[in-house]
Amino acid sequence: MLIKNAKLLDGRIVNIKFNEKIECIGECFSDDNEVIDANRKLVIPPYFNMHFHLDSVFLQVKNESGTLWEGIRIWKDIKGKLTEDDVIHRSLTAVKLMVAYGTLWIRTHADITEKSLKLLKALLKVKELAKEIAEIQVTAFPQDGIFTDKGNDELLYKGLELGADNIGMIPHNELTREDGVRSIEFAFNLAKEFNKDIDGHIDETDDPNSRFLEVVAKYSLQYGWQGRVAAGHVTAMHSWDSAYRNRILPIVASAGITVVPNPLINAVLQGRFDGYPKRRGMAPIKEMLKYGVNVALGHDCIMDPWYPLGSGNMLQVLFMAIHLDQMTGYEELVNSINLITYNSAKAWRAEYGIHVGKRANLLITNADDVIDLLRFMDPPLYVIKDGKVIAKEGKYVFFNGKWEEVKRKP
Ligand code: FE2
C-alpha cells in the first residue's frame, strides 16, 4: 500500500510505502493498486489513551451534583449488579469509537474491589475481542483501596493471576497516610513478583498535603522500576507549594515516572471546595516537562458516574489540557501532540513512529498541521493499523471481517 503526498510532523512531503511494516519513506512508488492520496495533509502515528475506565463507560447514570463523591456512591451501588455481557458490550462500543478517532493504544482500569472480579474478567475478554483494532492493557485497580476492606489485597493478587497487565493502587483513598504508604509498597512487591508495570491513581485530590507521588518515586528508584510506573491524575500537584514541586519533580523525572493528567475530568471534579477563583486542579504539565518528567494524557471517562460527557477523541483531551495549562506558545502548541503520541509510546514501550522498518500504524488527517488538528479536532480520514485500514472518517470501523458504522453510544 502507498500513501502519497503525506505531510510529516517535520513538514516534509513524502510518499510512504508499507505492508505490515513501513518499507519506504520519500520517493516511493506503489507496486499494487492500493494508493491513498493524502493531498499534502498531516500524516502522523496514532494516539494513546493512557488512562481509562472501560468498566464504567456509557453507564449514563445521573450524578445530580456532578461531584466525585456522588460518582463514587453511584458506582458502589451499581457495580455489583453489572453483567459481564453488558460490560463487554459497552466497552467494545467505546473501543470502536476511540479507534475511529485515531487511538490504537488504550490502557484501562478494571475495578477489582468488585469482589466477583467479573469486571476484570470482562475487560480481559474485551482486550482479546478487540485485538485486531486496538492494543488494550488492563490494570487491576483497587478502586476502594487495598487496605480499606478485608480481602482487597487478595483480590488484587488474584487479578494478576487472572492476567491483568498492570498493578493499580489508590494510596490517597486509604484510611491513613501510613496505609497509603503501605499500599504503595504492597503494589511494588506485586510488581516485582509478577514482573508487571505499575499504573496508579495518585494524589487525586486538591489537598496540598497529599504527597504520595514522592513515595512512588522512592519505590521506583529502590526497586529499579524506572520507566515502568505511571501516576494517574496527581491533581494535588496543582496545589503543592512551588518550593515542594521544585524539590520533588527532578526526583520524579529521575525515577522515570510518567505522570498522566486527565484534563477533562480534572477540570470538573477538582476545586469543588473552592469559591472564586476556582482551581482547575490539573497537574501542571508545562512545569513537569521543564523538569524532564514524562507526561502523557488520559481520557479517564465517557458518560459514566463521574463524567457525563466525552467523545472518545484524544484531541479533545489535549485541547482541554492546552487551555488549562495555557500551552498556547507556538512551540508548546506544536509539541503538545507528543502528550498523546510519543510520550505515551515511551511509557508503553511501544514500537512507534513513522520510520522504515517500524509497524505501519498511521493516521491520515485532514489537517494542514498540528494547529489545525487542534482547532477542529476532526477524526482521521483513515486509521491504519499494521498496514491495514481499520477505520474511516470517524464513521466506519473494520471489525470481525466487515465494515460497520461507529456508534457514539450503545
Ligand atoms: Fe481514573
Side-chain angles (χ1 to χ4, degrees), residues 8-9 16 18-23 25 42-52 54 94-96 98-109 123-124 126-128 130-139 163-168 191 194-200 220 225-232 256-262 289 293-300 312-315 317-318 335-365 370 380 382-391:
L8 301 179
L9 278 169
I16 304 171
F18 54 90
N19 268 303
E20 250 173 74
K21 304 262 180 187
I22 296 171
E23 293 170 355
I25 299 170
L42 200 60
V43 174
I44 55 174
Y47 310 133
F48 289 74
N49 177 2
M50 288 301 283
H51 183 121
F52 199 74
L54 279 174
V95 170
K96 289 174 195 170
M98 286 189 252
V99 168
Y101 276 110
T103 295
L104 289 195
W105 290 268
I106 301 163
R107 192 180 254 190
T108 180
H109 294 270
L123 294 192
L124 289 171
V126 170
K127 172 183 172 165
E128 187 58 28
K131 70 178 180 200
E132 297 288 315
I133 56 168
E135 286 182 31
I136 297 175
Q137 283 185 0
V138 183
T139 298
D165 297 288
N166 310 304
I167 298 154
F194 285 88
N195 191 23
K196 300 283 186 189
D197 287 10
I198 299 251
D199 175 26
S220 301
W225 238 243
Q226 292 97 324
R228 303 191 64 179
V229 177
I257 293 171
T258 297
V259 175
V260 183
N262 295 275
L289 293 174
V293 176
N294 193 42
V295 183
L297 298 181
H299 198 309
D300 208 12
N313 185 353
M314 287 306 292
L315 291 175
V317 173
L318 180 56
N335 292 331
S336 72
I337 195 74
N338 291 331
L339 297 169
I340 57 170
T341 57
Y342 286 91
N343 293 11
S344 313
K346 190 176 166 197
W348 194 288
R349 299 192 296 283
E351 185 185 315
Y352 194 70
I354 304 181
H355 303 284
V356 172
K358 292 264 171 88
R359 291 170 62 187
N361 294 324
L362 302 157
L363 303 180
I364 304 176
T365 76
V370 170
Y382 295 89
V383 179
I384 295 164
K385 180 175 183 294
D386 295 310
K388 291 189 187 120
V389 176
I390 57 158

Using modelled atom types only, decide if a donor and an acceptor are shared between the side chain of N294 and the backbone of N343 within a distance under 3.5 Å.
-> yes
Flag for N195-R228: side-chain donor and acceptor within less than 3.5 Å = yes
Taking atom CZ of F48 and atom NZ of K346, what is their separation to the nearest 0.5 Å?
-> 13.0 Å
Could you state the interatomic distance from CG (L318) to CD1 (I340), rounded to the nearest 0.5 Å?
-> 5.0 Å
Can you tell me how far OG1 of T103 sits from CG of N313, rounded to the nearest 0.5 angstrom?
-> 7.5 Å
Taking Q137 as the fixed residue, which of D199, N166, D197, D165 is the one that meets the side-chain hydrogen bond (donor to acceptor under 3.5 Å, both in side chains) rule?
-> N166
Which atom pair, heavy atoms only, marks the closest approach of V99 to V383?
-> O-CG2, 3.5 Å
Distance-minimising heavy-atom pair for L289 and V295 = CD2-CG2, 3.8 Å
Given E351, which of K21, K358, R359 fulfils the side-chain hydrogen bond (donor to acceptor under 3.5 Å, both in side chains) condition?
-> K21
Are side-chain heavy atoms of E132 and I390 found at a separation under 4.5 Å?
-> no
So which heavy atom on A347 is nearest to which on T258, and how close?
-> CB-OG1, 3.4 Å
Work out which heavy atom in G312 is nearest to a heavy atom in Y101; give both atom names and the distance.
-> O-CB, 3.7 Å
Can any side-chain N or O of R349 pair as donor or acceptor with the backbone N or O of G227 at less than 3.5 Å?
-> yes
So does Q226 have more than 12 non-hydrogen atoms from other groups sitting under 6.0 Å from CD?
-> yes
Residues L42, V370; criterion side chain to side chain contact (heavy atoms under 4.5 Å, CB included); working and verdict | CA-CA 8 Å; L42 200 60; V370 170; 4.3 Å; yes
Quick one: does L8's side chain get under 4.5 Å of I16's, heavy atoms only?
-> yes
In terms of the angle between their ring planes, are H109 and H51 parallel, tilted or perpendicular, with boundaries placed at 30° and 60°?
-> tilted
Taking the side chain as every heavy atom from C-beta outward, state whether D386 and N361 have any atom pair closer than 4.5 Å.
-> yes
Which heavy atom in W225 sits nearest to a heavy atom in K196, and how many Å separate them?
-> NE1-O, 2.9 Å
State the CG-CG distance between N49 and L104, to the nearest 0.5 angstrom.
-> 12.0 Å
Please tell me if the side chains of P380 and I364 come closer than 4.5 Å, counting only heavy atoms from C-beta onward.
-> no
Search all heavy atoms of F18 against all heavy atoms of L362 and return the closest pair with its distance.
-> CE2-CD1, 3.8 Å
To the nearest 0.5 Å, how far apart are CD1 in I44 and CD1 in I337?
-> 4.5 Å
Expected output: side-chain T139 to main-chain G168 donor-acceptor under 3.5 Å = no
When rounded to the nearest 0.5 Å, the distance separating CD1 of I106 from OH of Y47 is 14.0 Å
Distance-only, no hydrogens or angles: does the S344 side chain make a donor-acceptor pair with backbone N or O of L339 under 3.5 Å?
-> yes
